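Here is the structure we will look at.
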Protein chains: 2
Amino acid sequence: MTSTQPTPPASITNVAALANVSIATVSRVLSGKRDKDDDIARRVRAAAAELNYCVNHAASTLRSDVTNTIGLVIPSATNRLSAQLLGELEPTLCAYGRRLALGIGHTAQEQATRIEALAAQGLDGLIVVPANASDLPASLERLTERIPIVQVGGQQSSYRSFMIAIDDTAAMETTMRHLADAGVHSVAYLAGDRISFDSAELFAMFHTQIRAFDMFTKSSWNQFGERTVQRGFHCAMQLFGITADLPKRGLAHMRPQALVCCDDSVAIGAMTAIESLGLTIPDDVRVVGDGDSLMALSTTPTLTSLRPPVHRIVTESLRLIDSGTIDPVRIVLPKQLVIRDSTAGDAVHDQA
Amino acid sequence: MTSTQPTPPASITNVAALANVSIATVSRVLSGKRDKDDDIARRVRAAAAELNYCVNHAASTLRSDVTNTIGLVIPSATNRLSAQLLGELEPTLCAYGRRLALGIGHTAQEQATRIEALAAQGLDGLIVVPANASDLPASLERLTERIPIVQVGGQQSSYRSFMIAIDDTAAMETTMRHLADAGVHSVAYLAGDRISFDSAELFAMFHTQIRAFDMFTKSSWNQFGERTVQRGFHCAMQLFGITADLPKRGLAHMRPQALVCCDDSVAIGAMTAIESLGLTIPDDVRVVGDGDSLMALSTTPTLTSLRPPVHRIVTESLRLIDSGTIDPVRIVLPKQLVIRDSTAGDAVHDQA
DNA sequence: TTGTAAGCGTTATCAG
DNA sequence: CTGATAACGCTTACAA
């Protein structure tokens with residue numbers, strides 16, 4: 001059989017004919033509005049399978065106003081959090097037979113345009129990662145009445161839509177506990193941007209945890225700075241360069257036994273420096289990054305890092321969207337510590 | 001006026017009523033099937049604007065089989081090329097009022113599933129970046145008859161669909177010309193994976209260009225290896241560590257005046273090493289990366305890098321999709337050299 | 001529980 | 001060139 005013309009997709013009518021029922025029954029069986037699993041249901045499903053039938057999304061949407069489409073608006077496809085979120089959301093939606101409508105807006109203005117365009121076509125819900133870590137454009141307030149909107153991250157200063165915040169400070173506690181459990185007594189922290197509120201808050205949390213776990217640090221060890229490889233390298237050189245030749249035990253007050261970094265880039269720079277000084281990771285120094293970038297997997301040793309809770313963000317976003325609730329809800333999710341080789345094993349006990 | 005209920009979107013009927021014409025005329029005017037710009041056309045457009053009318057995508061698709069949707073299937077959202085492509089495609093489609101349907105498949109199998117699912121809903125065209133740098137699953141051959149498919153990158157060994165290949169070797173020529181123009185006489189190359197065919201081809205092209213521009217290199221300078229920061233650091237240490245204290249002129253045969261890297265990560269590691277040895281970039285050594293990652297913008301100095309021709313890939317893909325051609329076409333596009341500070345200015349002329 | 005039929009908003013056909 | 005109308009494939013109210 002060499003059919004020269006491509007077969008047109010089967011419609012509900014074809015399925016109904018093959019199963020010897022009406023199209024209404026087919027619709028009900030396949031959409032689950034009829035739970036009995038009798039002969040009719042089986043016949044319908046068999047016919048649908050044989051014809052490789054898929055419901056026509058356009059027709060379904062047109063009739064029922066249920067679009068089975070979730071919108072995602074992100075500031076940039078190369079933004080790490082956005083890409084991770086996208087990578088998590090797409091398979092989840094696909095698994096439930098829903099579609100993803102993507103919008104990219106580098107500025108609040110562009111995002112507003114994209115959101116209007118997406119919403120005009122009907123969406124069951126909208127997830128937005130605001131540009132510039134700000135908030136959703138106020139012009140979109142009225143949209144909230146039509147479709148559920150979830151804002152992920154951003155300023156979250158005033159809110160009407162659903163809000164999901166990523167808790168960095170909780171992750172700091174997890175990180176420090178992990179290090180303490182491994183027997184680490186002294187830690188240095190290469191923090192992020194000096195002027196951001198989040199960085200300052202994290203910096204304070206670091207010191208809180210140092211006290212909580214009875215650890216040691218020095219003010220000269222900890223500093224704000226850029227999120228670059230070079231910065232990590234230079235800081236680690238300063239931290240470990242002088243003491244690298246000293247014996248490797250009993251030094252908890254001379255140099256840190258662990259280094260916590262505000263970003264994987266910084267951590268990788270630091271690892272490079274530490275290694276070049278002849279020190280071993282994790283035996284001499286443990287290193288923790290942030291962001292769980294792909295690079296964290298290709299370092300030697302692989303880098304322990306903090307991962308944005310994208311799985312839970314997606315789960316909770318969809319739960320909120322499907323909940324039908326109208327009241328604003330705020331959810332705070334902690335980053336997840338992904339433990340790899342750069343913090344593996346117990347520390348040498350250096351108390352003489 | 002505090003209207004408590006959200007206004008439902010305007011339909012073509014509302015526009016027709018306001019413009020005092022039939023819905024058929026509205027449809028024709030707005031879809032450009034009627035080119036006259038008379039009073040009727042103006043009235044229709046004014047009415048549409050006033051009611052903030054958008055064509056209902058579902059209804060339009062259902063009736064006309066033109067979906068105004070382009071599918072994009074990528075191996076991963078965090079994959080650099082995929083993200084860059086996505087970032088280029090989305091705004092382009094949006095500008096033409098088209099939608100993007102995204103599918104992520106880490107394996108050829110997953111990609112096939114996603115493509116089937118997307119195609120079942122109707123697509124005007126499909127762009128695929130194959131997983132694992134292989135080819136499109138053969139099971140999709142018959143799809144080619146229904147919708148135009150463009151494969152970007154991958155093996156491209158046998159093809160039926162449209163093919164767009166990224167030409168690395170042409171970029172090597174551009175890179176070497178850029179360095180030669182700046183007065184560089186000796187270059188080292190930190191190549192990629194030893195076993196890949198592409199790496200080997202590039203390695204050969206590097207040597208061809210060395211001869212073409214009458215430059216100098218040494219076999220010990222050039223090596224295959226991982227695409228990591230640490231690898232770049234170590235290689236640069238080897239290349240420049242011994243000669244770093246020597247005077248900075250007249251050394252074209254002792255150490256390379258420029259370093260070409262298979263990846264931005266490698267280049268950043270190398271820059272870190274070069275800098276730590278007291279050498280200056282670009283004055284003492286010029287560095288070129290590959291991939292044009294975001295990191296290339298945050299190094300000091302900023303990193304010259306090769307950018308996949310995502311803009312042209314998108315333009316050509318859409319052109320092929322809209323062309324209506326059925327014959328397989330293969331297009332080869334060169335990477336673009338993005339010149340930044342790591343190769344800026346003229347080299348010191350070191351011929352005594 | 002099942003079938004019949006209306007209707008979602010658009011585009012295409014056809015008559016005027 | 002314009003307008004009336006059918007048809008796209010589906011969901012759902014209503015009738016059987």
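Computed from a prediction, not measured in an experiment: that's the story for all the values here. By convention in this document, chain letters (A, B, ...) are assigned in the order of the sequence lines, proteins followed by strands, and residues within each chain are numbered from 1.
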Angle between the two end axes of the helix from C/dT1-D/dA16 to C/dG16-D/dC1, five base pairs per end, rounded to 10 degrees? 40°
Donor-acceptor pairs under 3.5 Å, side chain of residues 23-30 of chain B to any protein atom, not counting sequence neighbours: which ones?
from, atom 1, to, atom 2, distance (Å)
B/T25, OG1, B/S22, OG, 3.2

Which atoms form the tightest heavy-atom contact between [X] and [Y], and what is the distance?
X      : Y      : answer
B/G154 : B/P130 : CA-CG, 4.3 Å
B/S82  : B/S76  : CB-O, 3.4 Å
A/L123 : A/I147 : O-CG2, 3.2 Å
B/P308 : B/K335 : CA-CG, 4.1 Å
A/I40  : A/R34  : CB-NH2, 3.8 Å
B/S323 : B/L320 : OG-O, 2.7 Å

D/dT2 OP1/OP2 closer than 4.0 Å to side-chain N/O of B/R34: yes
Roughly how many Å is it from [atom1] in [X] to [atom2] in [N], rounded to a whole number?
X      : N     : atom1 : atom2 : value
B/D38  : D/dC1 : CG    : C1'   : 9 Å
B/Q121 : D/dC8 : CD    : P     : 18 Å
A/D39  : C/dT1 : CG    : C1'   : 14 Å

Is there a side-chain contact between B/E88 and B/P309, using heavy atoms and a 4.5 Å cut-off? no
Looking at side-chain heavy atoms only, is the closest gap between A/N79 and A/I74 below 4.5 Å? no
Selection: residues 11-22 of chain B, any non-hydrogen atom under 4.0 Å of DNA chain D: B/V21, B/S22
B/K36 or A/S31, whichever maps to the more 5' nucleotide of DNA chain D: B/K36
Could you walk me through whether B/D135 and B/S157 satisfy the side-chain hydrogen bond (donor to acceptor under 3.5 Å, both in side chains) test, starting with their C-alpha distance in whole Å, then the side-chain angles of each, then the deciding distance to 0.1 Å, before giving a yes or no? CA-CA 8 Å; B/D135 270 333; B/S157 48; 2.9 Å; yes
Distance col, row B/L318:CG vs B/L93:CG, nearest 0.5 angstrom, shows 5.5 Å
Mind checking the OG-CG spacing from B/S317 to B/L89? Nearest 0.5 Å is all I need. 8.0 Å
Per the under-4.0 Å heavy-atom filter, residues of residues 43-60 of chain B near DNA chain C come out as B/Y53, B/C54, B/V55, B/N56, B/A59, B/S60
Pairs satisfying salt bridge (Lys or Arg N to Asp or Glu O under 4.0 Å), at least one member in residues 316-332 of chain B, at least two apart: B/R98-B/D322, B/E316-B/R319
Using a cut-off of under 3.5 Å, enumerate the N/O to N/O pairs linking the protein to nucleotides 12-16 of chain C.
from, atom 1, to, atom 2, distance (Å)
C/dA12, O4', B/R63, NH2, 3.3

